[in-house]
Amino acid sequence: DNTLYPAHSTVYDQIGARMPAFVQRLTGLDAIAAAALQEQYFHEYGATVVGLARRHGCDTEDFMRDVHDVSLDDIAPAPELARLLAALNARRFVFTNGAHAYARRVLERLGVAHLFERVIALDDIDFAPKPAPRAFDMMVPHARIDPARAVMVEDHARNLEPAAAMGFATVLIGREAEGDVAPFVHHRAADVHTALRTLASRPPIPEAPFGSKARLAPGAAGD
């Protein structure tokens, strides 16, 4: 969300509205308290659904199906994105805290589903959400990649720290990239198009994992 499709899309806003509504129905809290609890669980557990499952016995499949039942009318086919992805000399994956079926819907809507080898979603890795290190420990063997030969592109800086610690080169895009100075972010870009152009021309591969003064160095992006 807000990475492959534009951040000004209403899609994530729809999900953002459905989440507290679900929390309200599940817990019986009023709208304000439900929204606050949803935000608390997002920060505490990495994903609202994890907190709801652990603390309230929430059915995770029910949550994922409900909150991702949104219109994708605001997402248009993206031929330029498809061209840039196809030009990238690398295997390509989607690694998301969203639902697998929802991610597939978005990729199909954008017209880029055929360019990704695999979607690795929250419901594919036992609801271990980014930025938990366990999520990355499960994702890497799923994708069969070597982190030292891979690049992770994100719109949330906090999700890049564990990636950098494993040896991934990291790219932060969008609003957070504007003022970010985190040492585990190797490259920043305004949007995914800019990031992909950079990756195609000068793939940023760290020489060592974050914590060992990782920095950009020329190399091949992907496995």
Side-chain angles (χ1 to χ4, degrees), residues 1-17 19-20 35-48 50-51 74-76 78 80-81 84-85 88 90 92-98 103 106 110 112 122 128-133 135-136 139 147-148 150-219 221-222:
D1 293 306
N2 299 331
T3 301
L4 287 176
Y5 66 76
H8 57 71
S9 167
T10 64
V11 175
Y12 198 64
D13 291 338
Q14 294 178 65
I15 296 173
M19 281 191 184
L37 188 65
Q38 180 237 316
E39 188 73 11
Q40 174 190 331
Y41 287 168
F42 171 74
H43 290 290
E44 186 175 345
Y45 294 101
T48 300
V50 178
D74 197 36
I75 296 180
E80 177 63 8
L81 175 63
L84 290 168
L85 285 167
L88 192 64
R92 297 169 293 271
F93 302 84
V94 168
F95 179 34
T96 176
N97 277 355
V106 172
L110 287 167
V112 299
L122 190 60
K130 298 178 290 183
F136 292 82
M139 177 272 289
V151 180
M152 184 166 176
V153 181
E154 260 280 353
D155 67 321
H156 289 300
R158 73 177 193 160
N159 292 338
L160 292 176
E161 185 169 7
M166 293 184 78
F168 283 85
T170 60
V171 182
L172 180 64
I173 70 169
R175 298 187 185 103
E176 284 194 29
E178 294 176 6
D180 175 80
V181 294
F184 51 81
V185 175
H186 304 124
H187 185 75
R188 296 162 182 82
D191 53 44
V192 70
H193 295 80
T194 305
L196 288 172
R197 291 187 188 101
T198 300
L199 290 174
S201 63
R202 184 175 58 88
I205 300 297
E207 291 183 339
F210 172 63
S212 301
K213 298 183 179 179
R215 63 181 180 83
L216 295 183

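Here the straight-line distance linking atom CZ of Arg175 with atom CG of Asn2 works out to 6.5 Å at 0.5 Å rounding. Atom-to-atom distance recorded for Phe95:CZ and Glu154:CD is 8.5 Å, nearest 0.5 angstrom. How far CD of Glu39 is from CD of Glu44: 12.0 Å, rounded to the nearest 0.5 Å. Taking OG1 of Thr48 as the start and OH of Tyr41 as the end, the distance is 10.0 Å to the nearest 0.5 Å.
Counting heavy atoms from C-beta outward, Leu196 and Leu81 have side chains that approach closer than 4.5 Å. Asp155 places a side-chain heavy atom less than 4.5 Å from the side chain of Ile173. The closest side-chain heavy-atom distance from Val153 to Leu199 is below 4.5 Å. When side chains are defined from C-beta on, Met152 counts as touching Lys130, because their heavy atoms get closer than 4.5 Å.
Remark: aromatic rings of Tyr12 and Tyr5 are distant, center separation not under 6.0 Å.
When all heavy atoms are compared, the tightest approach of Phe136 to Ala163 is CE2-CB, 3.7 Å. Between Met166 and Pro147 the shortest heavy-atom distance is O-CB, 3.4 Å. Val94 approaches Leu4 most closely through the heavy-atom pair CG2-CD1, 4.1 Å. The nearest pair of heavy atoms linking Ala157 to Asp180 is CB-OD1, 3.9 Å. In terms of heavy-atom proximity, Gln38 sits nearest to Pro20 at OE1-CD, 3.4 Å. Contact record, Leu172 with Ala177: O-CB, 3.4 Å, taken as the closest heavy-atom pair.
Ion pairing between Glu176 and Arg158 fails under the 4.0 Å rule for side-chain N and carboxylate O.
Arg197 CZ: more than 12 foreign heavy atoms inside a 6.0 Å radius.
Thr170 places a side-chain N or O within donor-acceptor distance of the main-chain N or O of Phe184, the cut-off being under 3.5 Å.
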